[in-house]
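Comments concern the structure below.
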Amino acid sequence: MRRKHHRPWTLSEVVKLVEGVAKYGAGRWSEIKRLAFASYSYRTSVDLKDKWRNLLRASFVQLPAEKGMQVQSSRKHASIPIPAPILLRVRELAEMQSQVPPSFSASKFAGHTGSDRSSVHE
DNA sequence: TTTAGGG
DNA sequence: CCCTAAA
């Protein structure tokens, strides 16, 4: 009875989703599902969008304190806490894809395009 | 059929 | 995750 119930997204799924968005772009769930998720029968466009939504929420929380909201580290329902590098990638992707509110874009002024310090090889 | 948003 | 609306 493998209906459509509990399907905990694993780290591999998240990585594939992030890599797919990073390569093809957010919103191309159909292509991502056809290419990166060709090995899986489940996970449709709706599921991909839903996971991305949840990923964004996980990426925007906890990093900078807005104005003083829920502290105490709200870890109520966190199945498998996504690693830092993944969350960082999601944030960068969301920022470059223009789906992130300008609330978090409050860093670097003379940093130009280079994210690293001495960008010799780019 | 796929994308986008809400429940 | 499931449902609905628009393209």
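In what follows, every chain begins at residue 1, and chains take the letters A, B, ... in the order their sequences are listed.
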I'd like to check L11(A) versus P83(A) (side-chain heavy atoms, cut-off strictly below 4.5 Å). Are they in contact?
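Heavy-atom side-chain distance check passes, below 4.5 Å.
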
Do V21(A) and W29(A) come within less than 4.5 Å of each other through their side chains, counting heavy atoms only?
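Yes, at least one pair of side-chain atoms sits under 4.5 Å.
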
For DNA chain C, which residues in residues 33-51 of chain A have a heavy atom at a distance below 4.0 Å?
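Here the set is R43(A), V46(A), D47(A), D50(A).
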
Hey, does W9(A) reach any base, or is it just sugar-phosphate, or nothing, if we go heavy atoms under 4.0 Å?
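Sugar-phosphate only.
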
Taking only side-chain nitrogens and oxygens of W52(A), does any of them come within less than 4.0 Å of OP1 or OP2 of dA4(B)?
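No, because none of the side-chain N or O atoms of W52(A) sits under 4.0 Å from OP1 or OP2 of dA4(B).
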
For [X] and [N], give me the distance from atom [atom1] to atom [atom2], rounded to whole Å.
X	N	atom1	atom2	answer
R53(A)	dT3(B)	CZ	P	16 Å
L17(A)	dT3(B)	CG	P	12 Å
L56(A)	dG5(B)	CG	P	12 Å
Y24(A)	dT3(B)	OH	P	14 Å

Let me confirm one number: the CZ-CG distance from R89(A) to L93(A), rounded to the nearest 0.5 Å.
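Taking CZ in R89(A) and CG in L93(A), the distance rounds to 7.0 Å.
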
Cut-off 3.5 Å, no hydrogens considered: what does the side-chain donor-acceptor table look like for residues 43-52 of chain A, sequence neighbours left out?
residue	atom	partner	partner atom	Å
R43(A)	NH1	R7(A)	O	3.3
R43(A)	NH2	R7(A)	O	3.4
D47(A)	OD1	T44(A)	N	3.2
W52(A)	NE1	Q99(A)	OE1	2.2

What heavy-atom pair brings L56(A) and A94(A) nearest, and what distance separates the two atoms?
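Of all heavy-atom pairs spanning L56(A) and A94(A), the closest is CD2-CB, 3.7 Å.
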
Might you point out which heavy atoms bring E13(A) and F37(A) nearest each other, and give the distance in Å?
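It is OE1-CE2, 3.2 Å.
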
